[in-house]
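One structure is given here, and the rest of the page talks about it.
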Amino acid sequence: MAYPQAWRSDLAKMLKDGGINIPVIGGAVRMALVPPGKSRMDWLVDYYTTILADLQVDIRTGVEANADIIMREHPDEVILAIGSDPLVPPVKGINGKNVVIYPAVLASSYPQNERVVVGGGGLVGSETALYLAENHNDVTIIEMLPDIAMGMEPISKKYLLRELEDHHVAIFRSSRIKELTENSVMFEKDGEIHELTFDHFVVAFGGKSRTFASLPVPTHVIGDAVRVGKLVEAVRDGYAAGMDT
């Protein structure tokens with residue numbers, strides 16, 4: 001997604017010259033738009049805004065979808081797409097004044113020229129780290145697993161890793177966070193305890209599915225409410241639920 005449009009357009013000529021008779025086409029969501037290279041996800045927002053209006057779907061914003069409100073509609077079936085919340089592990093000091101949760105970073109402008117440690121090097125943590133680094137912060141990632149951005153599509157991951165390196169983001173893999181103080185984090189790596197100072201610590205350990213009261217009608221739970229995953233999986237779940245109801 002971060003590469004320029006039609007960056008593989010040279011393959012189109014190769015396919016056509018080879019005589020292959022196929023068409024060749026070049027080419028969470030609002031928060032996901034913020035990290036570098038993700039702005040085109042806005043296309044999906046534009047698509048759904050248009051198609052749902054055309055289909056005259058009744059959309060109500062600014063309303064908490066609790067059980068009482070849902071049942072007032074007398075539904076025959078319910079599809080729960082309530083998403084997930086950020087995962088905040090029970091680490092000592094995790095509620096300190098210099099600790100922020102990653103949605104707060106992506107939802108607003110962030111200070112520049114600060115030392116920022118990002119806890120978690122999954123897809124969310126890695127992209128948040130790059131966003132912070134591009135905004136002129138000195139950024140470090142601490143990840144418990146042996147690699148960062150695990151499960152990411154290979155081409156996108158290669159691009160992300162190169163960008164992190166170019167922006168001098170330090171990465172500590174196979175490292176377990178033990179404790180946070182007001183301006184430092186202690187973590188264990190290779191059996192030794194290390195300490196890093198920071199101006200801000202960003203909690204980016206991924207998410208956990210939200211729960212919902214059981215409803216007295218057939219209910220389909222989809223997307224992150226089932227398991228925290230990627231956008232494509234949420235869209236697939238929604239399609240499958242729509243076809244099944």
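Everything numeric here is computed off the predicted structure, so don't read it as measured data.
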Do side-chain atoms of [X] reach the backbone of [Y] as a donor and acceptor pair under 3.5 angstrom?
X: Glu143; Y: Leu145; value: yes
X: Ser175; Y: Arg173; value: yes
X: Lys230; Y: Gly151; value: yes
X: Glu192; Y: Lys189; value: no
X: Ser209; Y: Asp224; value: yes
X: Arg210; Y: Gly83; value: no
X: Glu114; Y: Val116; value: no
X: Asn66; Y: Asp68; value: yes
X: Asp237; Y: Gly223; value: yes

Hey, is [atom1] on [X] packed in by over 12 heavy atoms from elsewhere, all under 6.0 Å?
X: Gln112; atom1: CD; answer: yes
X: Arg176; atom1: CZ; answer: no
X: Asp54; atom1: CG; answer: yes
X: Lys92; atom1: NZ; answer: no
X: Arg60; atom1: CZ; answer: no

Heavy atoms, side chains only, cut-off 4.5 Å: are [X] and [Y] in contact?
X: Val185; Y: Glu195; result: no
X: Val202; Y: Leu132; result: yes
X: Ile177; Y: Phe201; result: yes
X: Lys157; Y: Asp147; result: yes
X: Leu123; Y: Met150; result: no
X: Val203; Y: Val100; result: no
X: Met152; Y: Leu160; result: yes
X: Phe198; Y: Leu180; result: yes

What closest approach, in Å, do [X] and [Y] show between heavy atoms, and which atom pair accounts for it?
X: Pro86; Y: Ile101; value: CB-CG2, 3.5 Å
X: Val118; Y: Ala204; value: CG1-CB, 3.9 Å
X: Ser126; Y: Ala149; value: OG-N, 3.8 Å
X: Ala241; Y: Ile79; value: CB-CD1, 4.0 Å
X: Val217; Y: Thr219; value: O-OG1, 2.9 Å
X: Gly120; Y: Ile141; value: O-CG2, 3.9 Å

- [ ] Anything under 30° is parallel, anything over 60° is perpendicular, the rest tilted; go ahead and classify Phe172 against His194.
- [x] tilted
Hey, quick one: are [X] and [Y] part of the same hydrophobic cluster, counting side-chain heavy atoms closer than 4.5 Å, chains of contacts allowed?
X: Val226; Y: Leu215; value: yes
X: Phe212; Y: Ile222; value: no
X: Val57; Y: Leu44; value: yes
X: Ile51; Y: Val235; value: yes
X: Val91; Y: Met186; value: no

Task: From CG (Asp58) to CG (Leu52), nearest 0.5 Å - done: 11.0 Å
Task: Salt bridge present between Lys178 and Glu188 (N-O < 4.0 angstrom) - done: yes
Task: Polar side chain donor-acceptor pair, Arg115 to Thr197, under 3.5 angstrom - done: yes
